[in-house]
Amino acid sequence: MPWPSRKRDKGAVADKKEPDAKIAKTEEETSDKEEDEKSAKPPAGSSKSGWKNWKKKESESGGEESKITYCHWLLKSEPESRLEKGVDVKFSVDDLKAQPNQTTCWDGVRNYQARNFLRSMKLGQQAFFYHSNCKEPGIVAIVKIVKEAYPDHTQFDQKDPHYDSTSRKENPKWSMVDVQFVRMTKRFIPLSEIKTHHLAHKADGGPLKDMMLFTRQRLSIQPLTQEEFDFVLSLEEEKPH
DNA sequence: GCCAACGTTGGC
DNA sequence: GCCAACGTTGGC
């Protein structure tokens with residue numbers, strides 16, 4: 001499931017050693033191959049125009065399948081307290097700003113499609129910070145990727161709500177990135193308003209017609225096209241709806 | 001708190 | 001490999 005990301009208040013960030021995730025053992029190496037393939041591509045029905053800014057990435061292992069590289073993202077996080085296995089999973093933009101360097105690791109993602117998107121994130125790319133499962137869902141801030149995917153240590157922590165007993169240290173299933181606060185959006189951009197545009201654009205072919213917030217509603221890590229990102233960003237200059 | 005959407009699991 | 005049961009997400 002697309003877990004909302006959870007960050008502990010550790011300020012747990014990048015400089016710690018990655019475990020020996022590199023030494024892939026043999027038994028499990030194929031365990032997530034099929035999931036790798038099935039996600040990380042545009043929805044079947046999407047028009048090419050919607051994805052035109054996505055660049056192809058050559059596969060290093062001999063071109064069996066070209067994958068798409070995305071440029072912008074939307075990250076969901078829950079700003080209101082909620083217990084999961086006894087642990088509060090709340091993480092609002094204020095919590096992010098309170099971290100050292102206003103940076104956090106985006107741990108707890110336990111959905112293969114979301115994981116694959118995490119793994120395709122590149123340093124410096126920007127993402128919307130989205131508040132979900134709360135009174136006023138919507139976009140509150142912009143963050144950027146400051147460390148590319150590396151193993152999510154919480155999968156090995158039995159006390160973590162997202163512990164995964166099936167994941168091996170030699171071949172971790174789950175990844176995370178580090179993200180840093182960039183700025184608040186000039187105003188809160190509510191889901192309802194984005195949805196209004198999405199519905200209009202479905203009729204008139206506008207930039208939000210295929211936005212994953214609505215076509216893949218439960219995905220916690222979502223790519224945005226340049227057009228989608230730019231359009232949503234343009235909303236911050238406008239009167240609230 | 002309700003419940004629709006939808007991903008995962010497991011029986012067959 | 002199908003698909004019903006189940007569990008979670010997340011808007012409302």
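Each chain gets a letter, A, B and so on, in the order its sequence line appears, and its residues count up from 1.
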Compare side-chain N and O positions of A:Y130 against OP1 and OP2 of C:dT9 and report whether any pair is under 4.0 Å apart.
-> no

Protein-nucleotide distance (A:E78, atom CD; C:dG10, atom P), rounded to Å | 7 Å

With a 4.0 Å cut-off on heavy atoms, is A:K135 in touch with a base, just the backbone sugar-phosphate, or nothing at all?
-> nothing

For A:D160 and A:V87, what are the C-alpha separation, side-chain angles and deciding distance, and is it a side-chain contact (heavy atoms from CB on, under 4.5 Å)?
-> CA-CA 8 Å; A:D160 191 277; A:V87 178; over 6 Å; no

Would you mind reading off the distance between A:M212 atom CE and C:dG10 atom P, rounded to a whole angstrom?
-> 14 Å

Calculate the interatomic distance between A:R216 atom CZ and C:dG10 atom C1'; express it in whole Å.
-> 17 Å

In whole Å, what is the span from the CG atom of A:L219 to the P atom of B:dG7?
-> 9 Å

A:Q217 CD to B:dA4 P, in whole Å, measures 12 Å

Between C1' of C:dG11 and CD of A:E80, the distance in whole Å | 12 Å

Distance in angstrom units between A:I194 CD1 and C:dG10 C1', rounded | 15 Å

Report yes or no: does A:N133 contribute a side-chain atom to a donor-acceptor pair with the main-chain N or O of A:E78 at less than 3.5 Å?
-> no

Hydrophobic cluster identity match, A:I139 and A:V182, side-chain contacts under 4.5 Å | yes

Looking at the side chain of A:N111, which of B:dG7, C:dC12, C:dT9 is the nearest nucleotide?
-> B:dG7

Nearest whole angstrom, please: distance from the C1' of C:dG10 to the CG of A:L75.
-> 16 Å

Answer yes or no: does a side-chain N or O of A:K76 lie under 4.0 Å from OP1 or OP2 of C:dT9?
-> no

Which atom pair, heavy atoms only, marks the closest approach of A:K209 to A:H198?
-> O-CE1, 3.1 Å

